[in-house]
Amino acid sequence: MSPMSETADAAAAEPGNEGEAAGCHRFVVVASRLPVDRTEGPGGQVEWRPSPGGLVSALEPVMREAAGVWIGWSGDTGPAPGPFRANDLDLVGMGLSPEQFRDYYEGFCNATLWPLYHDVIAPPEFHRRWWDAYVTVNRSFATAAVAQAAPEATIWVHDYQLQLVPQMVREQRADVRIGFFNHIPFPGYEIFAQLPWRRQVVNGLLGADLLGFQRRADATNFLRACRRTAGLATRGSTVRIGDREVRAAAFPISIDAQSLEQIARRESVRKRAGEIRMALDEPDTVLLGIDRLDYTKGIPVRLRAYGELLREARLGPRVVLVQVATPSRERVGAYRVLRDEVELAVSRINGEHAEVGSPPVHYLHQSYPREEMAALYLAADVMLVTSLRDGMNLVAKEYVACRYDESGALVLSEFTGAADELSGAFLVNPHDIEGLKDAIVRAATISPGEARRRMRLMRKRVSEHDVAHWAESFLGTLERPPGTWPTL
Ligand code: G6P
């Protein structure tokens, strides 16, 4: 049953706080987080605001057409909100106890799986108590999905936090179709093999009918893990388990390019971009980094390259770097260490090179609304994406989407999924500081004609392969009977 083509036959939810009756949703999204953030109104009442992100805008049309529901964590350790309706969507808010927050979220998700799947940039920790919490929380998400799904529904599970959900759902519901998409890299077998629960994770994922990865290399790594950990035979992109076939392939995620470009074109946003350049004292070149403050993003190498370029006077005197580092996972050890490292590097550069009133690095440890982000993208001559490992990196695509006048240049790490698609970027190995420095200089001194040629190429890709295209191609493949899959 296609969630894309059928009209909703379940009754629409009543306005108010109640979601639809359980078991009547033909499309169920299961993700770590809800697409809304809890805020408190002036009288202390709970309000839900849409959280920024392309995923919800991509899935919204499918959610509406197929009486969809979104199951996710509310983001705090209070009681589970349960089913409710907000922004015209049926939602089920899951809860985490303080112990689950520590052992499942901060522990197994973000101090075991996250570093392991990002090529052990930080050492992963393996604790049996954290694993137990991961199993328990995955089970509660699976139970919620089973309760919400109509007969023959489509269930789409997202990301590394929920890898056991596909199999847990399948054990209870043979009638449903299950997709899984991994938003982060899937590591090579030698790294994945470190995980004491590698077999359980592979089995958990194999409960799905279709597994989506960002890059072909991630899908290949997963197929190898199936052979090595579970002794399963693979053929092309399929794995056979008994009488079932599971497919693993690349579906590179993207952004809602059109709506972001519309924001960038707004008069108010263009004016704000001008104000930002003015506030920076009208430099000749604005370099920009926008990242979650995460050790995978390569912020220290970027700062090192920039500091050396200033010392060597290779960028001219009137250059600034604006580095937005959105706070993230602040209580996890490796993130605290990183914050200190980044802030020390920023103050060293500013200490050595600033003049009164004009520091060469503007460091902003804050999050911003989409309009301000778009204004920053417009204000920047060169975007720096220097991740050591990154599933996709949507910031690179957002920059491209905002540059509607086809100006600007992108310096992009080879170790991002985006590097497979954005051939107009200056590709860099972020471990090679000299190569990175050369690329920054080339991007900062690019001729307008060359910038236009490169940007046009990237804009074509991002506008043709947007997030709606991603969702359609994943769900379209999931809905096909095995044997009729297109070559991926
Ligand atoms: C990455 C992951 C997401 C995650 C996000 C923010 O993009 O792929 O699944 O939600 O980071 O991390 P957080 O720990 O705040 O959910």
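Both counts, for ligands and for their atoms, begin at 1 and track the order of listing. Only a predicted model underlies this, so the values are computations on that prediction, with no experimental measurement involved.
Within the 4.0 Å heavy-atom shell around ligand 1 one finds Arg292.
Under a 4.0 Å criterion applied to the non-hydrogen atoms of Arg329, ligand 1 contributes the atoms 5 (C), 6 (C), 11 (O), 12 (O), 13 (P), 14 (O). Per-residue contacts place Asn110 under 4.0 angstrom from the following atoms of ligand 1 (heavy atoms of the residue considered): 14 (O). Atoms of ligand 1 lying under 4.0 Å from any heavy atom of Arg33, numbered from 1 in the order shown and given with element: 13 (P), 15 (O), 16 (O). Short contacts between ligand 1 and Ile184, defined as distances under 4.0 Å to a heavy atom of the residue, involve ligand atoms 8 (O).
Residues Gln163 and Tyr134 bring a donor and an acceptor atom of their side chains to less than 3.5 Å of each other.
For Trp70 and Trp48, the gap between ring centers reaches or exceeds 6.0 Å. Ring to ring, Phe126 and Trp131 are not that close: their centroids are 6.0 angstrom or more apart.
Which of Trp114, Phe181, Tyr105 comes nearest to atom 1 (C) of ligand 1 through a heavy atom is settled by distance: it is Trp114. Taking only non-hydrogen atoms, the option from Gln161, Gln214, His183 nearest to atom 10 (O) of ligand 1 is Gln161.
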Starting from the C-alpha separation in whole Å, work towards a yes-or-no answer on ring pair (Phe, Tyr, Trp, His ring centres under 6.0 Å) for Phe141 and Trp73.
-> CA-CA 9 Å; Phe141 275 71; Trp73 174 43; 9.0 Å; no
Dump the intermediate steps for ring pair (Phe, Tyr, Trp, His ring centres under 6.0 Å) on Tyr160 and Tyr117, then the final yes or no.
-> CA-CA 9 Å; Tyr160 64 101; Tyr117 281 29; 7.1 Å; no
Derivation and outcome, ring pair (Phe, Tyr, Trp, His ring centres under 6.0 Å), residues Phe251 and Phe181 | CA-CA 9 Å; Phe251 295 87; Phe181 185 76; 7.4 Å; no
Start with the C-alpha distance between Tyr189 and Arg224, add both sets of side-chain angles, then the distance that settles side chain to side chain donor-acceptor pair (under 3.5 Å), and finish with yes or no.
-> CA-CA 7 Å; Tyr189 184 69; Arg224 182 141 180 259; over 6 Å; no
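Between Tyr160 and ligand 1, no pair of N/O atoms sits closer than 3.5 Å. Considering both main-chain and side-chain atoms, Ser32 never comes within under 3.5 Å of ligand 1 through any nitrogen or oxygen pair. Considering backbone and side-chain N/O atoms, Asp159 comes within less than 3.5 Å of an N/O atom of ligand 1.
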